[in-house]
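Below you'll find the structure, written out as structure tokens, and then a few comments.
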Protein chains: 2
Amino acid sequence: MSDTADGGPASEEPCRAREVLGMVGDKWSLLIVRHLSEGPRRFTELKRSVEGISQRMLTVTLRGLERDGILTRTVRNVMPPHVSYELTPMGRSLREATAPLLEWSTAHLARIGAARAAYDARPDAPPA
Amino acid sequence: MSDTADGGPASEEPCRAREVLGMVGDKWSLLIVRHLSEGPRRFTELKRSVEGISQRMLTVTLRGLERDGILTRTVRNVMPPHVSYELTPMGRSLREATAPLLEWSTAHLARIGAARAAYDARPDAPPA
DNA sequence: CCGAATCCGAAACGATACTG
DNA sequence: CAGTATCGTTTCGGATTCGG
């Protein structure tokens, strides 16, 4: 399968791929989507499980995904506050669409590291 | 298929997805990979077909992809210079892994636009 | 024709402190 | 608990200029 059932033959106009990458190509979106694929999660749960993300980036990223219709934000106005995030059907379809890429990454990361090492060891390797 | 054959259950350690996105999650990499999936291309051909990319970003992105073993760079030292770029087998497998995401994008972009419009029209929409 | 080098503005990101 | 506000740093990316 070299040219069928893919995202198009690339020869078409300005290409929508950029818009998708502008949405999920950031540092955290796909991580959050992936974690939410296991079920609804609360803010602090995500904060812990994504690990490395700051409060700010978690908030910002969640807002963006909510705006794009990838997930829903449900507020229970009690004390203490309780906010739950959950994938929409579109969010789950996105998760499935990104699965092959995540698979690919785990399968090829070692090879990529080797390629980089080989490249950097070449006589004509770039200085920095 | 809700949970099988995907990139893992998300519960594992710090997650490699970030490294992949650090590689192909930028603005241009996937576009270039997509264009190269049709066969080898020269620098100026890519410059024209990607359209919107600057010389600098084309050079930088191509170098990165070459370093990661996604594509090869072949120089024919003649006048005028002739440099050809071509996907490696790993590059082609990457192209296939990203195909579902590109498919998804073309299928859902309109719906996302609608979701954004609806979100922005909500009474509690963010100011900016 | 194919790039490298430099400069600069814009945007992303992170740490911290504060609020209901 | 679940954010918001502010600040400083880092990175991205475009324009321009120069070299082989």
Side-chain angles (χ1 to χ4, degrees), chain A residues 14-15 17-19 21-32 35-36 40-68 71-86 119 122-128, chain B residues 14-15 17-19 21-32 35-36 40-67 71-86 124-128:
Chain A
C15 195
R18 285 183 53 174
E19 311 180 42
L21 293 175
M23 182 180 54
V24 298
D26 68 311
K27 200 172 177 181
W28 303 108
S29 289
L30 287 188
L31 269 346
I32 292 175
H35 280 280
L36 285 180
R41 290 290 185 271
R42 297 179 54 178
F43 187 89
T44 312
E45 289 181 303
L46 288 171
K47 176 86 171 63
R48 276 196 309 269
S49 53
V50 174
E51 188 157 9
I53 195 170
S54 62
Q55 280 150 310
R56 172 183 149 75
M57 287 318 296
L58 182 54
T59 300
V60 169
T61 308
L62 286 171
R63 283 283 184 279
L65 292 173
E66 183 195 6
R67 188 167 105 102
D68 289 340
L71 53 81
T72 59
R73 176 173 178 267
T74 307
V75 182
R76 317 235 326 180
N77 216 343
V78 295
M79 271 303 280
H82 183 113
V83 181
S84 178
Y85 295 90
E86 184 173 13
Y119 182 91
R122 280 165 45 181
D124 55 343
Chain B
C15 195
R18 286 182 54 175
E19 312 179 43
L21 293 174
M23 183 179 53
V24 299
D26 68 311
K27 200 172 176 180
W28 303 108
S29 289
L30 287 188
L31 268 346
I32 293 174
H35 279 281
L36 285 180
R41 290 291 182 271
R42 298 180 52 180
F43 186 91
T44 312
E45 288 181 305
L46 289 171
K47 177 85 171 64
R48 276 196 309 267
S49 53
V50 174
E51 186 155 10
I53 195 171
S54 62
Q55 274 170 326
R56 170 182 150 77
M57 289 317 296
L58 183 54
T59 301
V60 169
T61 307
L62 285 171
R63 282 284 181 274
L65 292 173
E66 182 194 6
R67 188 168 105 101
L71 54 80
T72 59
R73 176 173 178 265
T74 307
V75 183
R76 318 234 324 179
N77 215 343
V78 295
M79 271 304 279
H82 183 113
V83 181
S84 178
Y85 297 89
E86 183 172 14
D124 55 341

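Reminder, nothing fancy here: chain letters follow the sequence lines and each chain counts from 1. Every value quoted in this text rests on a predicted model; they were computed, and no experiment measured them.
Separating the CG atom in Leu65(A) from the OG1 atom in Thr72(A) is a distance of 11.5 Å, to the nearest 0.5 Å. Taking NZ from Lys47(A) and OG from Ser54(A), the interatomic distance works out to 7.0 Å, rounded to the nearest 0.5 Å. From Leu21(A), atom CG reaches atom OG of Ser29(A) across 11.0 Å, with rounding to the nearest 0.5 Å. Ile53(B) CD1 to Arg48(B) CZ: the interatomic distance, rounded to the nearest 0.5 Å, is 14.0 Å. Atom CZ of Arg63(B) sits about 7.0 Å away from atom OG1 of Thr59(B), to the nearest 0.5 Å.
The NE2-P distance, from His82(B) to dG3(C), rounds to 11 Å in whole Å. Across the protein-nucleic acid pair, Asn77(B) atom CG and dG3(C) atom P stand 11 Å apart, rounded to whole Å. Computed from coordinates, the Leu62(B) CG to dA4(C) C1' distance equals 14 Å when rounded to whole Å.
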Query raised in the report: Could you write nucleotides 15-20 of chain C as a row of B, S and -, 5' to 3', where a protein heavy atom under 4.0 Å of any base atom gives B, of only sugar-phosphate atoms gives S, and otherwise -?
Result: BB---B
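Under the side-chain contact (heavy atoms from CB on, under 4.5 Å) test applied with Tyr85(A), the options Leu58(A), Thr74(A), Leu71(A), Ile32(A) reduce to a single match, Leu71(A).
Between dG14(C), dG3(C), dC1(C), one nucleotide has an atom nearer to the side chain of Pro80(B) than all others, and that is dC1(C).
In terms of position on DNA chain C, the residue among Met57(A) and Glu45(B) whose nearest nucleotide sits closer to the 5' end is Glu45(B).
Environment of CZ in Arg76(A): sparse, with no more than 12 heavy atoms of neighbouring residues, nucleotides or ligands closer than 6.0 Å.
Under the rule for a salt bridge (Lys or Arg N to Asp or Glu O under 4.0 Å), the partners of Arg41(B) that lie at least two apart in sequence or sit in another chain are Glu38(B).
Of all nucleotides in DNA chain D having an atom under 4.0 Å from a heavy atom of chain B, the first and last in 5' to 3' order are dG13(D) to dG20(D).
If you check every strand for non-hydrogen atoms under 4.0 Å, Lys47(A) touches nothing. Within the nucleic acid shown, Arg73(B) comes within 4.0 Å of sugar-phosphate atoms alone, with no base atom in reach, counting heavy atoms only.
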